[in-house]
Amino acid sequence: MNDFLININPYESAGILFAVALLIHIGLSNILNRLLKHTNKTPNKLDDQIIKAISSPLKLLIWFGWLFFSLEAFKDQIVVFSSVLDYIDITPMFIITWGVVRIVSGVEEYLVEQDNQIDNDSIRLFSRLVKILVITAILLAIAQFLGFSISSLLTFGGVGGIVIGFAAKDMLSNVFGGLMIQMDKPFSTGDWIRSSEFEGVVEKIGWRMTRIRTFSKNPVYIPNSIFASIPIETPSRMTNRRIKETIGIRYNDIGRMADIVSEVKNMLNKNQFIDQKEVVRVYFNYFNSSSVDFIVYAYTNTIDKSEYQQIKQEILLDIAQIIDKHGAEIAFPTQTLHIQNNTES
């Protein structure tokens, strides 16, 4: 092509190149659109993401080719263009890197949208690591192309990494804390977590910190390294909600305790909202200061809080009716005052 363009006017060369680039652009757009229409009909959406990812980089490569060869045609007339050509001839590597990063992002989006066993946070983390590795590899290749010594750069990077590691050990501990969260999976985005210091729903697990939304709707930002030093409870992963109540009746009704306990346990065993696979306990438990207490211990078969509270309410009302049915009363704190009558003789 260069031999052909040398024999004609540079302006004509640029015009011809523009027309060729435009035709290739239009042809490529038609081909990609046809492929996209075809892939849209298939159940697998991965090919759609890949076509969308490579579309823009390919078109940009076409117009870069037009720019490069146009400058090549003018370099004998405009000397500065020769220097420009020396600097922009590595541009395709950047465009290819951009295309690879877009493909990785497309695969990430495809995996996130799928209903699979892979956690979305792990997918995003792996995608970021792949992008970093690709960009690093391309930058090293460009450095070698420009004449830099890769071994010297790696040696400098190793020494610099040690210095940076000491200077930013807290940041690195948070980064590794984030990696441990992704690997161990104590919680994921959307989980309700609780500790002695905070409680809320996880909104984002970042490189350095995790953002949770408290139930007062305030965001809390927690460095990832903290999760390695404190116990974390994840209530959203519970299998059942527990009913654990201590109920007291009067000392005058202690003779009715056995019948009350027996009927309450029978009521729980027949309740469709109580998980019968789990333990159900109803026992006379304690001689309290103002009452004799029995314990009610069972698990509901729901984890929804609103439904659980409704079930618990109905069970407690049923227990109150059983106590009343047996002629007993729920105790409350009372005091008896004995006054000694001392009569003078």
Side-chain angles (χ1 to χ4, degrees), residues 115 117 119 181 184-203 210 212-217 220 222 227 230-335:
D115 185 15
Q117 301 291 330
D119 181 73
I181 291 173
D184 296 336
K185 300 297 180 191
F187 55 83
S188 303
T189 302
D191 279 345
W192 165 22
I193 63 174
R194 178 166 59 203
S195 77
S196 58
E197 301 178 6
F198 54 82
E199 181 178 7
V201 177
V202 178
E203 287 192 336
T210 294
I212 72 169
R213 183 75 58 175
T214 66
F215 293 116
S216 60
K217 298 303 180 183
V220 178
I222 304 163
F227 295 107
I230 61 173
I232 298 293
E233 184 181 354
T234 311
S236 55
R237 296 185 182 180
M238 69 176 71
T239 57
N240 303 82
R241 283 187 179 271
R242 182 180 64 175
I243 295 176
K244 183 182 179 182
E245 295 293 327
T246 300
I247 301 171
I249 60 175
R250 300 177 306 173
Y251 268 90
N252 292 342
D253 301 323
I254 192 170
R256 302 178 177 90
M257 175 66 79
D259 294 336
I260 292 173
V261 165
S262 177
E263 188 166 345
V264 170
K265 186 171 185 178
N266 186 52
M267 178 268 295
L268 292 174
N269 287 333
K270 293 180 179 180
N271 193 304
Q272 61 177 331
F273 300 111
I274 297 298
D275 190 347
Q276 304 301 327
K277 296 178 182 178
E278 300 291 338
V279 63
V280 176
R281 295 193 183 101
V282 185
Y283 295 115
F284 174 32
N285 188 53
Y286 192 66
F287 287 101
N288 214 330
S289 58
S290 301
S291 63
V292 282
D293 299 341
F294 66 95
I295 187 172
V296 177
Y297 191 96
Y299 289 91
T300 64
N301 51 21
T302 182
I303 60 173
D304 181 76
K305 190 170 184 179
S306 298
E307 188 177 354
Y308 160 77
Q309 289 176 327
Q310 181 67 31
I311 294 169
K312 182 178 177 180
Q313 171 183 284
E314 294 176 1
I315 288 174
L316 291 179
L317 290 174
D318 288 343
I319 293 173
Q321 290 179 358
I322 291 171
I323 292 173
D324 183 67
K325 171 185 172 182
H326 287 274
E329 294 182 15
I330 296 174
F332 56 89
T334 58
Q335 290 182 339

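Numbers for residues simply follow the sequence, beginning at 1. Quantities reported herein were computed from a predicted structural model and do not represent experimental measurements.
In this structure, CD1 on Ile249 lies 7.5 Å from CD1 on Ile254, to the nearest 0.5 angstrom. For the atom pair Tyr308 OH and Thr300 OG1, the distance stands at 6.5 Å (nearest 0.5 Å). Atom CD1 of Ile274 is separated from atom CD1 of Ile311 by 7.0 Å, given to the nearest 0.5 angstrom. Distance check: Ile232 CD1 to Ser196 OG gives 8.5 Å after rounding to the nearest 0.5 Å. A distance of 11.5 Å separates CD of Gln276 from NZ of Lys270, quoted to the nearest 0.5 Å. Rounding to the nearest 0.5 angstrom, the gap separating the NZ atom in Lys277 from the OH atom in Tyr299 is 15.5 Å.
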Distance-only criterion, 3.5 Å: show the donor-acceptor pairs between side-chain atoms of residues 314-331 and protein atoms not counting sequence neighbours.
from   : atom 1 : to     : atom 2 : distance (Å)
Glu314 : OE2    : Gln310 : NE2    : 3.2
Lys325 : NZ     : Glu263 : OE2    : 3.0
His326 : NE2    : Glu263 : OE1    : 2.7

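Panel note: side chain Thr214, backbone Phe198; no donor-acceptor pair is recorded below 3.5 Å. Between the Tyr283 side chain and the Val296 main chain, no donor and acceptor come within less than 3.5 Å of each other. Checking side-chain atoms of Asn266 against main-chain N and O of Ser262 turns up no donor-acceptor pair under 3.5 Å.
Using a 4.0 Å cut-off between charged side-chain N and carboxylate O, Glu307 and Arg241 make no salt bridge. A salt bridge is absent between Arg256 and Asp259; no separation between the charged side-chain nitrogens and carboxylate oxygens falls under 4.0 Å.
In this structure, Asn240 and Ile303 approach most closely via the heavy-atom pair N-CG2, 3.9 Å. Shortest non-hydrogen contact noted between Val202 and Ile193 is CG2-CD1, 3.8 Å. When all heavy atoms of Ser290 and Phe332 are compared, the pair lying nearest together is CB-O, 4.1 Å. Between Trp192 and Ser236, the closest heavy-atom pair is N-OG, 2.9 Å.
Phe287 is linked by a ring-ring contact (aromatic ring centres under 6.0 Å, His included) to Phe284, counting only residues two or more places apart in sequence or in another chain. By the ring-ring contact (aromatic ring centres under 6.0 Å, His included) test, Phe273 pairs with no residue at all, sequence neighbours left out.
Annotation: Phe187 is in aromatic contact with Phe227 [ring centroid separation under 6.0 Å].
Side-chain contact check for Lys305 versus Pro235: every heavy-atom pair is 4.5 Å or farther apart.
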Set out, in order, the CA-CA distance, both residues' side-chain angles and the distance that settles side chain to side chain donor-acceptor pair (under 3.5 Å) for Asp293 and Asn285, then state yes or no. CA-CA 6 Å; Asp293 299 341; Asn285 188 53; over 6 Å; no
Are Tyr297 and Val280 close enough, and set up right, to give a side chain to side chain contact (heavy atoms under 4.5 Å, CB included), and what steps lead you there? CA-CA 6 Å; Tyr297 191 96; Val280 176; over 6 Å; no
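For the 3.5 Å distance criterion, the side chains of Thr302 and Asp304 fail to qualify, holding no donor opposite an acceptor.
Within a 6.0 Å sphere centred on CZ of Arg281, heavy atoms belonging to other residues, nucleotides or ligands number 12 at most.
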